[in-house]
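Step one of this worksheet: look at the structure below.
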Amino acid sequence: MITYEEFKKVDLRIGKVLSVEPHPNADRLYVIRVDLGDEQRQTVAGLKGHYTPEELVGRCVVVVTNLQPARLRGIESQGMLLACQDGTAVRLLQPDREAAPGSKVL
């Protein structure tokens, strides 16, 4: 269990997917560029097999923005897209209506 104060440290923002490219060194990963309102970030996500690039571009997603950057198979990821797993299906978390990139998730 974590405290509410610990949870408040996680910065969740709405991002809009700008582009999706296959990761050059991994079969299941995409390199995804996300608009966060005041900046753009590159993320790496294991969404191949669950979404096509065309299904992702333009979609609003929930992004953890204050996660320390990590290199995934040689490519830097500057955040994490949130998703859930339902059996073998992976589904991205997203607002129920259009929201401006950079909007804080409360």
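Worth knowing before you read on, the calculation uses all heavy atoms, side chains too, and leaves out hydrogens, waters and symmetry mates. The first residue in the sequence is number 1, and the count goes up from there.
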Side-chain donor or acceptor of [X] paired with backbone N/O of [Y] under 3.5 Å:
| X | Y | result |
| --- | --- | --- |
| Gln78 | Gln42 | yes |
| Asp11 | Thr65 | no |
| Arg33 | Leu18 | no |
| Glu55 | Val57 | no |
| Asn66 | Lys9 | yes |
| Tyr30 | Leu56 | no |
| Glu39 | Leu36 | no |

Side-chain ion pair, Glu76 and Arg41, N-O less than 4.0 Å |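 No, this pair does not count.
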Salt-bridge test for Glu5 and Lys8: reply yes if a basic N is under 4.0 Å from a carboxylate O, no otherwise.
->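 Yes.
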To the nearest 0.5 Å, tell me how far [X] [atom1] sits from [Y] [atom2].
| X | Y | atom1 | atom2 | answer |
| --- | --- | --- | --- | --- |
| Arg91 | His50 | CZ | NE2 | 8.5 Å |
| Met80 | Thr43 | CE | OG1 | 10.0 Å |
| Glu98 | Ser103 | CD | OG | 9.5 Å |
| Ser19 | Asp35 | OG | CG | 11.0 Å |
| Gln94 | Arg59 | CD | CZ | 5.0 Å |
| Leu93 | Ile14 | CG | CD1 | 9.5 Å |

Verify the cluster assignment for Leu92 and Val34: are they in a single hydrophobic cluster under the rule of side-chain heavy atoms below 4.5 Å apart?
->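 Yes; Val34 is reachable from Leu92 via cluster members.
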Linking I/L/V/M/F/W/Y whenever their side-chain heavy atoms sit closer than 4.5 Å, directly or via other members, would Tyr51 and Val63 fall into one cluster?
->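 Result: yes, single cluster for both.
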Shortest non-hydrogen separation from [X] to [Y] and the atoms involved:
| X | Y | value |
| --- | --- | --- |
| Lys48 | Ala26 | NZ-O, 3.9 Å |
| Cys60 | Ala99 | SG-O, 3.7 Å |
| Leu29 | Arg73 | CD1-CG, 4.1 Å |

Can you check whether [X] reaches [Y] side chain to side chain, under 4.5 Å on heavy atoms?
| X | Y | result |
| --- | --- | --- |
| Arg13 | Lys104 | yes |
| Leu67 | Ser77 | no |
| Leu47 | Ile32 | yes |

Does atom CG of Asp27 have more than 12 heavy-atom neighbours from other groups under 6.0 Å away?
->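 It does not: Asp27 CG has 12 such atoms or fewer within range.
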Worked check of side chain to side chain contact (heavy atoms under 4.5 Å, CB included) between Leu82 and Val61 = CA-CA 7 Å; Leu82 294 186; Val61 294; over 6 Å; no
